[in-house]
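Residue numbers begin at 1 in each chain, while the letters A, B, ... track the order of the sequences.
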Amino acid sequence: MKTKWIVPTLYIIFLLLPIYWLLNMSLKNNTEILSVFSLWPQDLTLDNYRVIFNDPSWYSGYINSMIYVSINVVISVSCALPAAYAFSRYSFLGDKHLFFWLLSNRMAPPAVFALPFFQLYSSVGLFDTHLAVALAHCLFNLPLAVWILEGFMSGIPKEIDETAFIDGYSFPKFFVKIFIPNIASGIGVTAFFCFMFSWVELLLARTLTSVNAKPISAIMTRTVSASGLDWGVLAAAGMLTIVPGALVIWFVRNHIAKGFALGRV
Amino acid sequence: MPGPVMPDQAIGTSMRNKDRISAFLTLLPSIILIGIFVYGFIGNTFWISLSDWGGAAALAENPVKSYVGFANYLDLFTGFLGGGFRQDLVNAVFYSVMLLAGAIGIGLILAMLLDNKPRGESFFRTVFLYPMSLSFIVTGTIWRWMLAPQGGVNILPTYVGLPPLRFPWLSSTDAILLFNWQNLLPIALYLVSLVLIIWGLWRLKNNPAKALVLLIPGVVVGGSVWLWGDLLPQALFMEEIHGFNTATFGIIMATIWQYSGYTMALYLAGFTGISQDLRDAAMLDGASTAKYYRYIALPMVKPITISAIIILSHISLKMFDLIFAMTGPDNGQTGHPALNMYLTTFRANDFARGAAIAIILFIIAATFIIPYMISSYRQRRSR
């Protein structure tokens, strides 16, 4: 029985070690990072974090990322709700194929869309705005959101709709007052996945922004390509990008299990 | 916007028609948007890839674009300057295969070990999902440091008294599994015949007639290439050696690190979904644990395997950020078509060529996804 736990435990160490390493690095100064190898900081310093919070070229990246990710989550979820409702409640000719086709769009590599988006946004003046990135990310988040939400909605019996209509609810009132609270966990999981895919995407975010909406991940690559790496600040920036994701995972951790059980995540 | 469904219309037997209209109205915006954006954009990229937009005047107010047919594609595959792209393509193939094998293998083994132990399951799932929420740039930064020549993984053996490793994880220029790009056609045909033969042998037990349909062409293709392979045209006018660069090991490790937790969570959910009665019945009939997984659990989670393959291959095809962060954009050894596309388009301003690379990536992605779509279409129909 004991041996069964060894492998998962080792695996957890394997998973957490790099993250610990990053934390460790973010609390050291550059000389220590580059000279000696130590398992914990000899000379604990918060300077790296201070640099990020004081330098607008760093912290603006976080703000930009946050803004376009939030816009993206709002657009994806609110556009996906009616579509997912249609797929889960109405039966019409070819609904299954349409549903599947919608999902398959998500699989197209972003590289195909980079150049057209660039051209389009440049010509309509959306280039280097938060909305530009948020809309571009809808391309892969919207189908995903429909897919996850449809799974959760199909778990709600249709009788609930019918009872509500008999009780005299109008459709919008029913949808907001009864239906949405019923699938709240589904909305949470959807928002999490939209958040995550938008947060980690780089190719489109980097191509479609230059200064005003530059995301934190692009700023981190800029530092990578500069001569001489500021490892400590880079590690601190990395730690800070983990925080939002970790918080969101923590909030939806119990709902995710349900999403996995539905096979929709 | 939700369709105009009135309460009295949603009830009753005549709702089919109304359903159809409201469904159509609710879905129309999504379909139009996807139609314009996805297909319009793919079409646009394809059109650009057939032109000669690029070079010095690429950023002019009204750039001159003339139709050149498939010249860009031909140049990428057989041209003198396409060598970097060809190496990237080879990298991407090895990369996808190793990522699929690694992430699915590790995820499956861990899920089996944790299966049937619901206590702490949600804890494990949460911990295992954390790496997934990291951006690839962060993963790249961590692993770049972990794989540095004098640090991280290389000095791990010193903790148990062994000499440190000397493997240059990210800067190695060695390559294994070398082949000459000139022989691309024979190699591709050998692979086709190998797949046909293996598939045929696998089918032999259940469906001998169908197996022969696969086996005979497989043997014929393989044999004829072996006999007359010299007659096939060479894909390139000069010798060009490509192989699996050992420098990509580090990148593959980092990706597996990030995604094996996800596959584990997928499989664990699948295994938990199988009823305990079924397992008990199998055990009563004398099945060992290994047999239970081989003959009952794995076939039952086949849809999960397929969706894991789709998701991971999709990820490996758009791998751009991780390589950018780990080895930098200009390391030819660890290149990737997505990265090459970015550099060709937005750094070299060679728009047509970049578009051609993007379309090639798209076609590769489609070859992964179309079989999946066909198989689930069949499943739906047979239901």
Engineer: Heavy atoms only: give me the nearest B:A358-B:T45 pair and the separation to one decimal.
Structural biologist: CB-CG2, 4.2 Å
Engineer: Of the listed residues (A:F195, A:F14, A:W199), which shares the most heavy-atom pairs with chain B below a 4.5 Å separation?
Structural biologist: A:F14
Engineer: In terms of heavy-atom proximity below 4.5 Å to chain B, should A:L139 be classed as side chain, backbone, both, or neither?
Structural biologist: side chain
Engineer: For B:S316 and B:H336, which heavy atoms make the closest approach, and how far apart are they?
Structural biologist: O-NE2, 2.8 Å
Engineer: Measure the spacing between CE of B:M253 and CH2 of B:W143 and express it to the nearest 0.5 Å.
Structural biologist: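 Reported value, rounded in 0.5 Å steps: 4.0 Å.
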Engineer: Considering only heavy atoms and a distance below 4.5 Å, find which of A:L115, A:L17, A:D161, A:L81 pairs most often with chain B.
Structural biologist: A:L115
Engineer: Determine whether the aromatic ring centres of B:F320 and B:Y342 lie less than 6.0 Å apart.
Structural biologist: yes
Engineer: What part of B:I364 gets within 4.5 angstrom of chain A, counting heavy atoms only: side chain, backbone, both, or neither?
Structural biologist: neither
Engineer: Can you tell which part of B:I304 gets under 4.5 Å to a heavy atom of chain A, answering side chain, backbone, both or neither?
Structural biologist: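 Looking at B:I304, nothing touches chain A.
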Engineer: At a heavy-atom distance under 4.5 Å, which candidate from A:I249, A:L15, A:L22, A:V200 has the highest pair count against chain B?
Structural biologist: A:L15
Engineer: Given heavy-atom pairs under 4.5 angstrom as the criterion, report whether the side chain, backbone, both or neither of A:F87 touches chain B.
Structural biologist: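 Answer is side chain: those atoms of A:F87 sit under 4.5 Å from chain B.
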Engineer: Is A:M239 in contact with chain B via its backbone, its side chain, both, or neither, using a 4.5 Å heavy-atom distance?
Structural biologist: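 Neither the backbone nor the side chain of A:M239 comes within 4.5 Å of chain B.
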Engineer: Counting heavy-atom pairs under 4.5 Å with chain B, which one of A:L142, A:L203, A:I19 comes out on top?
Structural biologist: A:L203
Engineer: Please classify the contact of A:Y11 with chain B as side chain, backbone, both or neither, using a heavy-atom distance under 4.5 Å.
Structural biologist: side chain
Engineer: Which residue is it: A:F118, A:F117, A:Y121? I am looking for the one with a ring pair (Phe, Tyr, Trp, His ring centres under 6.0 Å) to A:F127.
Structural biologist: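 Testing A:F127 for a ring pair (Phe, Tyr, Trp, His ring centres under 6.0 Å) against A:F118, A:F117, A:Y121 leaves exactly one candidate, A:F118.
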Engineer: What about A:F179 and A:Y85, are their ring centers closer than 6.0 Å?
Structural biologist: yes
Engineer: Would you check, one step at a time, whether the test side chain to side chain contact (heavy atoms under 4.5 Å, CB included) holds for A:H137 with A:L204?
Structural biologist: CA-CA 8 Å; A:H137 284 177; A:L204 289 174; 4.3 Å; yes
Engineer: Pairs under 3.5 angstrom only: tabulate donor-acceptor contacts from the side chains of residues 34-44 of chain B to other protein residues two or more places apart or in another chain.
Structural biologist:
| residue | atom | partner | partner atom | Å |
| --- | --- | --- | --- | --- |
| B:Y39 | OH | A:W101 | NE1 | 2.9 |
| B:Y39 | OH | A:N105 | OD1 | 3.0 |
| B:N44 | ND2 | A:Q119 | OE1 | 3.4 |

Engineer: Examine whether an atom of B:F346 lies under 4.5 Å from a heavy atom of chain A, and if so say whether it belongs to the side chain, the backbone or both; otherwise answer neither.
Structural biologist: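 When you check distances to chain A, only side chain atoms of B:F346 fall under 4.5 Å.
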Engineer: Find the one option among B:M264, B:M341, B:Q258 whose heavy-atom pairs under 4.5 Å with chain A are most numerous.
Structural biologist: B:M341
Engineer: Below 4.5 Å from any heavy atom of chain A, which atoms of B:I48 appear? Answer side chain, backbone, both or neither.
Structural biologist: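 The side chain, not the backbone.
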Engineer: What part of A:I216 lies closer than 4.5 angstrom to a heavy atom of chain B: side chain, backbone, both or neither?
Structural biologist: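 When you check distances to chain B, no heavy atom of A:I216 falls under 4.5 Å.
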Engineer: With sequence neighbours excluded, tell me which residues meet side-chain hydrogen bond (donor to acceptor under 3.5 Å, both in side chains) with B:Y259.
Structural biologist: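 With neighbours one apart ignored, the set is empty.
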Engineer: Do any N or O atoms from the side chain of A:E201 and from the backbone of A:A205 form a donor-acceptor pair under 3.5 angstrom?
Structural biologist: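 At least one qualifying donor-acceptor pair exists.
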Engineer: Please look at B:S260 and chain A and tell me whether the side chain, the backbone, both or neither of the residue comes under 4.5 angstrom of a heavy atom of that chain.
Structural biologist: both
Engineer: Most heavy-atom pairs under 4.5 angstrom with chain A, which of B:I357, B:V138, B:T139?
Structural biologist: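 Ranked by contacts with chain A, first place is B:V138.
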